[in-house]
Protein chains: 2
Amino acid sequence: MAKTSIKEVAKQAGVSAATVSRALSSPELVSDKTLTRVLAAVSDTGYKPNRFGASLRTQKSGNVVVVMPDITNQVNAGIIRAIENEAMQAGYSVLLGDTQNIQARESHYGDMVSSGQADGILVFTPRIPFPTDEDQQPINDLPPLVNSCEEIPNDTIHKVMIDNRAGAIAAVEHLLSLGHTRIAAVKGPALTPSTESRLLGYKEALTQAGIKVDEKYIITGDYGTDSGVIAMEKLLRLRDRPTAVFCFSDDMAIGAMNTLREYDFRIPEDISVMGFDDIRYAKLMSPTLTTIKQPLTEIGKESMKMLLAQMKGESVANKRITLPFELVVRQSTGPVPS
Amino acid sequence: MAKTSIKEVAKQAGVSAATVSRALSSPELVSDKTLTRVLAAVSDTGYKPNRFGASLRTQKSGNVVVVMPDITNQVNAGIIRAIENEAMQAGYSVLLGDTQNIQARESHYGDMVSSGQADGILVFTPRIPFPTDEDQQPINDLPPLVNSCEEIPNDTIHKVMIDNRAGAIAAVEHLLSLGHTRIAAVKGPALTPSTESRLLGYKEALTQAGIKVDEKYIITGDYGTDSGVIAMEKLLRLRDRPTAVFCFSDDMAIGAMNTLREYDFRIPEDISVMGFDDIRYAKLMSPTLTTIKQPLTEIGKESMKMLLAQMKGESVANKRITLPFELVVRQSTGPVPS
DNA sequence: CTGAAAGCGCTTACAG
DNA sequence: CTGAAAGCGCTTACAG
C-alpha cells in the first residue's frame, strides 16, 4: 500500500500539515486557491488520512460494535443489515461480533469499546459484555450501549424489544381459536429471556382458556432447525399427542414439519405447526408456515438510532422501545382434527 | 467509561509507562515483583490499552475487513462465521462490510485498509475495492487481499474458489442421467462470475450430450428466493415445458418449488428441481432439495488462512485454492416423466 | 487565512 | 531489569 502521510501531501502542496487537515475536514476555513492545490496533491498521492492518528487525537473512532449470538440465523442477519445501513448513513462503521453465546467472546468485543476502538455497542445477548459484580451489575460506567431482543436484567440500560409474552399469547390464542386444546410448546434454550417471556405467554394463554399447563407438552430446543426435528420426535411419542405445536422460532418449526412429514403426518390436518420470527423461508415452506412476525428492519434501525443519540450525548427520553409483532396466518395451522 | 491511560497505571504501580507496556506485552522482560505490582494496578483501574495509540506506533491494526455482497444470504453467513472463528484464533478482529453490490460501499471498506484501520481484506465481490484504471487494474499496490467465490479478473490476486463450471456440469449430468433432455437453467445476476461459469458448465454438459442449448430455457434471476418464483412462472408458460430445472442457488430453487406447488405440479414426478449451495434449509424442504454442496466453512477458513499468511509476509506458494463441491442427491429430482 | 507547536496513548531502541 | 525520550499521524487552540 502507498502509505502516504499528511506531511508528504503538505510538502507536495507547499503548505503545512495543518492546512491539509483543514482542507479535508473544514474546507471553508481554507482559501480557494490553497484548497485546490491541496486537493490536487491528495488525489495525486492517493492519500487517506490515517484513522488512528485522527482517532487518537479526537478520541473518537467512528466505529460501533454489534454483539450477536448467531449471525447465521436469518433473524439476526436481517437485523444486522438494517444496523449497517443506518450506521453507514451516520458515518459509522460496524464491527461485527458473532459471539455464539460464548462469554469470553462477548467480553472481547466489549473490550473494543473500552480500548477506544469503538464508540458504542449494540448488544443482542442477555449479558453485559463488561466486568460485572456478583449481582450482574456493571462495575464501571457503561459506554453508549443499547440492548435489543434478548433483555439484560438491568433497568438503567436502553432497550429495543418486542413483547415476546404478548406474541406468544397471540400465537396460542390463534391455535385455541381453531379448537386446539392439546397445544405443545417447543421453546428456545434456557437462559434466553425471549424464551422465558414466550413461555410465560404460552402458559398464561392456556390458563386463561381454562386449560391446564402440562409440562409433558413443553420441550426445550435451541432455536435451531435440528432441535425442532428432535423436539417433534419427542412429542410424537407421547400417549396423548398434541394437535398443535407452537415453536418459539421458525427454524424449529421448519425442523418440526420435517419430522411430521417423515412420519406421514399431514400438516395441518393431523397436527398444526406454528413458528415465531417470519424468516424469509416461512412463506416458502410446504405448507406455508403460520408465525409471529418480528420487525427485523425496525429492530435494527431503532437500535442504531438509539445508540447514535447516546453517542451524540443527546438525552434519550424513551429508554425502552417496544416494537409491534404481527400474527401471520398461513397454511400450517388449521382446525383441530375431529 | 473509565478511560484509564497507561500513565495512570504507571503512577499507581510506581513504575514508568514503558514498564507497564512491557509487563502487558512481554512479561518476561519484567521482574516478578514489578510484574505483580503492575498487574494489580491494571486490574484495579480496569485499564485497557488504547488500541489507537498502540496501532499508531506499531502500524498494525489487528483488524481485517470482509467485503460481502449480501450478509442475509445463508451461504455468506456460513462463510463469515468460519472467517471470524479463524480470525479470532489468530488475534484479529473482523470488520464486516455488507456492501449489497454497491461499489461506493465496497470502496468505503477498501478505504479502511488504505487508512490503516485494517491490515488486510477479504473480497467476496468480483471487483477490487480500490482505485483502478480503465482496465480494472489497480492503480496502487494492493494490500494483503484474498478474493473468494466471485472471481476478480486479475491473475496476480490470491483466490479461494470452487470450480463452478464443474459443479454445473455435475448438476446437469445428474439430470441427464435421469433421462431429462429439456433442462432449464435459472441463473444468477449478470456480472457475477460464478453465474457465468455455471452457465458455461450447463451449456457444455448439454452440448456434450448432444442436446442443443435453447435460450428459452435460460432465465435470469438474482440468486434470491423471489426471483426463483418469477423464473419458474416464466418457464411454466413455455409451450414445451422443461422437465427439469437447474437453479444456480438453493434460494432460487426454493422459490421455484413454491411456484410449482402453487400450480399443482408434483416434484419431481412432473418437474425435477435442483439447486446449488446446500444451505441449511435444503434438506428440510418438501421434497428435500437435490443440490451442489459448497464447502462454506472451508471457504471461510482457507480464505482467512491465506490472508493471515500474506499479512505475516509469508510467501504463499499456491496463489489459488480450489475447493471441492459435492453433488447431494435428494428427493426433488427424479426420472423424466414418460 | 495559515503555520508552529503541543499532545492524544502507546511502544521500543537506547542507555544505564 | 528499568526509565527517559522519541515518534507514529493526526487535529486544533493559539498566534500572527
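Naming convention: chains lettered A, B, ... in sequence-line order (proteins, then strands); numbering from 1 in each chain.
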Hey, are A:E86 and A:K305 close enough for a salt bridge, meaning a charged N less than 4.0 Å from a carboxylate O?
-> no
Side chain to side chain donor-acceptor pair (under 3.5 Å) against B:S115, all qualifying residues, sequence neighbours excluded | none
What pairs with A:E151 under side chain to side chain donor-acceptor pair (under 3.5 Å), at least two apart in sequence or on another chain?
-> A:K159, A:R320
Stem ranges for DNA chain D, with three or more consecutive Watson-Crick or G-U pairs under 3.5 Å?
-> C:1-3 with D:14-16, C:5-12 with D:5-12, C:14-16 with D:1-3
Enumerate, atom names and distances included, each donor-acceptor pair closer than 3.5 Å involving a side-chain atom of residues 22-33 of chain B, sequence neighbours excluded.
unit_1	atom_1	unit_2	atom_2	d
B:S25	OG	B:S21	O	2.9
B:S31	OG	B:T34	N	3.2
B:S31	OG	B:T34	OG1	2.7

Tested for side chain to side chain contact (heavy atoms under 4.5 Å, CB included) against A:M304, the lone hit among A:V146, A:I83, A:V160, A:V66 is A:I83
What pairs with B:Y109 under ring-ring contact (aromatic ring centres under 6.0 Å, His included), at least two apart in sequence or on another chain?
-> none
Going 5' to 3' through nucleotides 1-11 of chain D and flagging B where a protein heavy-atom sits under 4.0 Å of the base, S where only the sugar-phosphate is that close, and - otherwise, we get SBBB-BBBBBB
Note: B:D119-B:K60 ion pair, threshold 4.0 Å (strictly below) | no
Are the charged groups of A:R81 and B:D70 less than 4.0 angstrom apart, N to O?
-> yes
How far, in whole Å, is D:dG16 from D:dT12 if one measures between their C1' atoms?
-> 16 Å
